[in-house]
Chemist: 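First the structure, which I've put down as structure tokens, then a few questions once you've had a look.
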Amino acid sequence: MAANFAVREHKVEHTPFLGAGRRMFPELYFAAQKAPGRTPLWQAFGKTGSEIKVPTKDMQLLRAGRDPVMLLAWLVTNKLYTPGGLVHADRSIAPLSVVEIQAIMNGLMEFLRPGDMDLHRVRGIPQDGAVWCGPISCST
């Protein structure tokens, strides 16, 4: 178990106990906290399907990190992003746009294929349990 959760560069953490599955968060919201001289802190928020009207400031924080692509890869790997779902953001994400975020996540879905991350369906798994998907490691 320690090998599966060990920190490694370019490793995307798969959180199996999330148990969310598809459409758990049909609405995703992105923001970035920026300060002069510091790397922006990228944040992903989600609204569950059971929440009718929730202001964006009250959405559930799903994850935050300094690397926006790793944040998007985490959402895809953990099946929290659904193509066609509502994705929006505040202006703090500039120079990225919502269209670019959706394009990146759709590309990651094709590249990582979250359904193939099931250990029983993946071939050539290294001994430590990490599934290498090109330059990003998808730990299961």
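Computed from a prediction, not measured in an experiment: that's the story for all the values here.
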Chemist: I need the full list of salt bridge (charged side-chain N to carboxylate O under 4.0 Å, His left out) pairs touching residues 27-37, with sequence neighbours left out, sorted by first then second residue.
Modeler: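 As it turns out, the salt bridge (charged side-chain N to carboxylate O under 4.0 Å, His left out) pairs with a partner in residues 27-37, which skip direct neighbours, are Glu27-Lys47.
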Chemist: Just wondering, do Gln43 and Leu61 contact through their side chains at under 4.5 Å, heavy atoms?
Modeler: yes
Chemist: Under the side chain to side chain donor-acceptor pair (under 3.5 Å) rule, collect the residues that match up with Asp90, sequence neighbours excluded.
Modeler: Tyr29, Ser92
Chemist: Quick check for you: to the nearest 0.5 Å, what is the distance between Asn78 atom CG and Arg63 atom CZ?
Modeler: 7.5 Å
Chemist: Shortest non-hydrogen contact from Ala64 to Leu71?
Modeler: N-CD1, 4.3 Å
Chemist: Of all heavy-atom pairs between Ile93 and Val98, which one has the smallest distance, and what is that distance?
Modeler: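 Result for this residue pair: CD1-N, 4.2 Å.
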Chemist: Taking only residues two or more places apart in sequence, or in another chain, which ones meet Ile104 in a side chain to side chain contact (heavy atoms under 4.5 Å, CB included)?
Modeler: Leu72, Leu108
Chemist: Any idea which heavy atoms bring Trp74 and Leu62 closest together, and the distance?
Modeler: CH2-O, 3.7 Å
Chemist: Nearest heavy-atom pair of Gly85 and Gln102: which atoms, and what distance?
Modeler: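 Answer, listing the atom of Gly85 first, then Gln102: O-NE2, 4.0 Å.
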Chemist: Quick check on the hydrophobic clustering: are Leu28 and Leu41 connected, directly or via other members, by side-chain heavy-atom contacts under 4.5 Å?
Modeler: no
Chemist: If every non-hydrogen atom of Thr48 is compared with every non-hydrogen atom of Gln60, which pair is closest and at what distance?
Modeler: CG2-OE1, 4.4 Å
Chemist: Which atom pair, heavy atoms only, marks the closest approach of Arg66 to Trp42?
Modeler: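 Where Arg66 meets Trp42 most closely, the heavy atoms are O-CD1, 3.5 Å.
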